[in-house]
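Below is one structure, written out as structure tokens; the observations come after it.
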Amino acid sequence: GIARRVQGLVSSFRSKGVLTQEDINKFLSDLRWLLIEADVSLIVVNDLLERLREKLKPQTGVVSPADYLLKVVFGEIAQILGSYRPLATNARGLSIYMLVGLQGSGKTTTAAKLGFFLKRKGKSVVLGAADPYRPAGAEQLKVLAAESGLYFESFVDQGSVNVNRIKEFAKKSLHDVLLLDTAGRLHVEADMLKELTQLSQLLSPQEVLLVVDAMLGQEAADIARAFKDTAPVTGIILSKADGDERGGAALSVAYVSGVPVLFMGTGEHVSDFEPFVPDETAAMILG
Amino acid sequence: KVTGKALTPEQEEELLSRLISADFSLSKARMLVEKIRNEGNSPDVVRKTLLEEAPPVEPLRDDSKPFVAFLVGVNGVGKTTTIAKMAHLYSSRGLRVVVVGADTFRAAAQDQLSLLVEELPVVYVGGERGSDSGAVLFRALEENKDADVFLVDTAGRIHTSKALMDELGKLIRVSKKFSAEYPQEVLLVLDSTQGLQGYRQALSFVKGAPITGLVLTKTDSTAKGGMIFSIWDELRIPLKLVCFGQKLTDIDYYSPEKVVDSIAG
Ligand SMILES: Nc1nc2c(ncn2[C@@H]2O[C@H](COP(=O)(O)OP(=O)(O)OP(=O)(O)O)[C@@H](O)[C@H]2O)c(=O)[nH]1
Ligand SMILES: Nc1nc2c(ncn2[C@@H]2O[C@H](COP(=O)(O)OP(=O)(O)OP(=O)(O)O)[C@@H](O)[C@H]2O)c(=O)[nH]1
Ligand SMILES: [Mg+2]
Ligand SMILES: [Mg+2]
């Protein structure tokens, strides 16, 4: 992960007593390649380095240079990534949380995981199918709901999402939470992004959660930007964090979207799901 | 976009950045820029160098009948959808195709694949969720002795999982009961949006199975697939199929020119 690599880079400063501007420049130059090799999007690497360049100051030896470098870099990364905070609730009734993201990113599975997590916190949760395209997509959500003891409702009618039915359901529902699983879409599919904008405008969900595959490559920054411009993304859920030792995509998406990583998916089972904390649970991503 | 003259240092930096953004590994990107600089810096040299370094076209080993192909890969990359696309490709040529739904693990995996191919003139063999995937494959091969093509879908699993490698090994052994030639292809499906992670997946998968080729999916995204250069360079695994959408017809054979053009811009 990123953390272990940065620690490795900093270890060469352990023997140093002071930190000169020249040391800082060399460190930043090495850090650039380290972040690229950790799969952070290039544009985010460049921005992050600029921020660090402004923050890092020469040290006269009161603080160990290695500790100082680690503190500033980790502090910056942790701040960008954000961390778990309780999900927003609708004071006037059913809270709607929308799950959005690329094809295959893990939205449907994550809906079940998040639903199960909220249920264990005492919430009454409904998993709502709002993906009219994926063959057996609604069935997949229904099976997962049944396995985790969650309610299920399909809002797909004749190849499209029935928004009025969702609104009707929300009005009458005595449940606490409706998790809407939407169709996967690329950041370059204009009509699909438009559909997403309409959905969020019509439903005014309490949360729009971007499900991001932790294994994304350089494209992560552009993906985050497109979704951020399309709908009011309020949080990130990192999926398949068990598949990656680099963690770059998490940093890219958090940086560009400006919203925190709230949860992390760490496996295929409904219990492989945890609130995101940059220092401990992010060990999987930050290493 | 470089136009006409030798590359300036700024243009070289821009080329390096473009290659990194196209998911080339750092070492590969640097090596390419070095090669381009030594060969004289021009847009034609960029294209020519990329073509030289690109994986060659290696056709699918589908000329012997029956032809058995496994599709493997991590979760959500597009294995199931690609199986359906290949089923359409082969069945529309009049070949007798058997689609083997050997993902007996994931929720609604069987429903998804059987729905995807239900309009196609193919045989679908699947199994109950939780049943043994080897038994599904065995039954498919046993009950369709006159088929031309067997397309085997497998469960997605993280590339570092030993359980995956064991299951893959088991499926290969089952197919070998019918012919030493099987499977002629074990295709590793890579999601182009995962960039260099795909290269790491390839490193892992080759330890557990004889990977014969790659499928690159979701190229309708903006990802350029640069990691296939490293996979060819270090593992000698060629790219065979490219997918660019969710329709059954959104599949084509790999073309080095098309890949290079999308990178060179
Ligand atoms: N290992 C691992 N697999 C995961 C995780 N989350 C989801 N998956 C798997 O990833 C694959 C894709 O998950 P889905 O939930 O179908 O993804 P999706 O975003 O709904 O896909 P579309 O609806 O087609 O866009 C499935 O095989 C899931 O089991 C995770 O945290 N870890
Ligand atoms: N845009 C685009 N989407 C694709 C492509 N290939 C597959 N998909 C979509 O990606 C999602 C996942 O595809 P699947 O075929 O279920 O992937 P998988 O590898 O079988 O997933 P698991 O079995 O869960 O591991 C689906 O929504 C597909 O429609 C492609 O080339 N382009
Ligand atoms: Mg889904
Ligand atoms: Mg599948």
Side-chain angles (χ1 to χ4, degrees), chain A residues 32-34 36-39 41-43 45-46 102-109 112 133-147 183-189 213-223 226 239-246 248-249 265-268 270, chain B residues 16-27 29-30 74-81 84 105-118 129 155-161 190-201 204 217-218 220-227 245-246:
Chain A
R32 176 164 199 255
W33 305 120
L34 185 156
I36 288 173
E37 291 200 295
D39 293 350
S41 294
L42 202 50
I43 193 168
V45 173
N46 294 336
L102 251 55
Q103 288 89 341
S105 58
K107 299 173 292 298
T108 305
T109 312
Y133 307 113
R134 169 144 168 166
E139 179 63 18
Q140 182 187 3
L141 190 64
K142 188 170 182 205
V143 169
L144 292 174
E147 278 181 353
R185 68 204 73 217
L186 288 178
H187 52 305
V188 291
E189 291 172 325
D213 185 338
M215 296 193 268
L216 281 180
Q218 285 288 318
E219 236 38 51
D222 284 352
I223 290 167
S239 68
K240 310 182 208 169
D242 48 314
D244 178 67
E245 345 83 38
R246 307 280 160 134
T266 57
E268 289 193 71
V270 83
Chain B
L16 184 69
S17 292
R18 180 146 32 112
L19 291 173
I20 292 171
S21 299
D23 289 315
F24 279 83
S25 71
L26 196 47
S27 57
R30 281 179 173 147
V74 304
N75 308 74
V77 294
K79 300 177 291 300
T80 303
T81 309
F105 175 75
R106 210 207 65 213
Q110 296 288 323
D111 302 60
Q112 181 192 6
L113 184 51
S114 53
L115 270 172
L116 278 169
V117 302
E118 69 176 354
R129 191 178 174 212
R157 225 164 308 176
I158 291 304
H159 50 297
T160 47
S161 144
L190 299 180
D191 179 340
S192 64
T193 65
Q194 289 182 344
L196 277 163
Q197 192 65 239
Y199 161 75
R200 280 166 232 135
Q201 289 163 13
S204 265
T217 64
K218 307 181 198 173
D220 43 327
S221 150
T222 43
K224 304 283 192 287
M227 69 284 191
Q246 292 171 280

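Being a predicted model, the structure only gives us computed values, none of them experimental.
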**Prompt:** Any Lys/Arg nitrogen of B:Arg129 or A:Glu147 sitting under 4.0 Å from an Asp/Glu carboxylate oxygen of the other?
**Reply:** yes
**Request:** Check the pair B:Asp23 / B:Lys224 against side-chain contact (heavy atoms from CB on, under 4.5 Å), numbers first and verdict last.
**Result:** CA-CA 7 Å; B:Asp23 289 315; B:Lys224 304 283 192 287; over 6 Å; no
**Message:** I need the A:Ile223 CD1 to A:Leu186 CG distance, nearest 0.5 Å.
**Reply:** 8.0 Å
**Request:** Against chain A, label B:Gln110 side chain, backbone, both or neither, depending on which of its atoms sit under 4.5 Å from a heavy atom there.
**Result:** neither
**Fill in**
Pair count under 4.5 Å, heavy atoms only, with chain A: among B:Ser204, B:Ser221, B:Gly195, B:Ala22, highest is B:Ser221
**Heavy-atom pairs under 4.5 Å with chain A, option from B:Leu196, B:Asp111, B:Ile20 with the top count** = B:Ile20
**Item:** A:Leu216 versus chain B, the contacting section by heavy-atom distance below 4.5 Å
**Value:** both
**Item:** Which residues share a side-chain hydrogen bond (donor to acceptor under 3.5 Å, both in side chains) with A:Glu189, sequence neighbours left out
**Value:** A:Gln103
**Request:** Could you tell me which residues satisfy salt bridge (Lys or Arg N to Asp or Glu O under 4.0 Å) with B:Arg106, sequence neighbours excluded, listed by chain and number?
**Result:** none
**Message:** Report which part of B:Leu26 has an atom under 4.5 Å of a heavy atom belonging to chain A: side chain, backbone, both, or neither.
**Reply:** side chain
**Request:** Side chain from CB out, backbone as N, CA, C, O: work out which of these in A:Leu102 comes under 4.5 Å of a heavy atom of chain B, or both, or neither.
**Result:** side chain
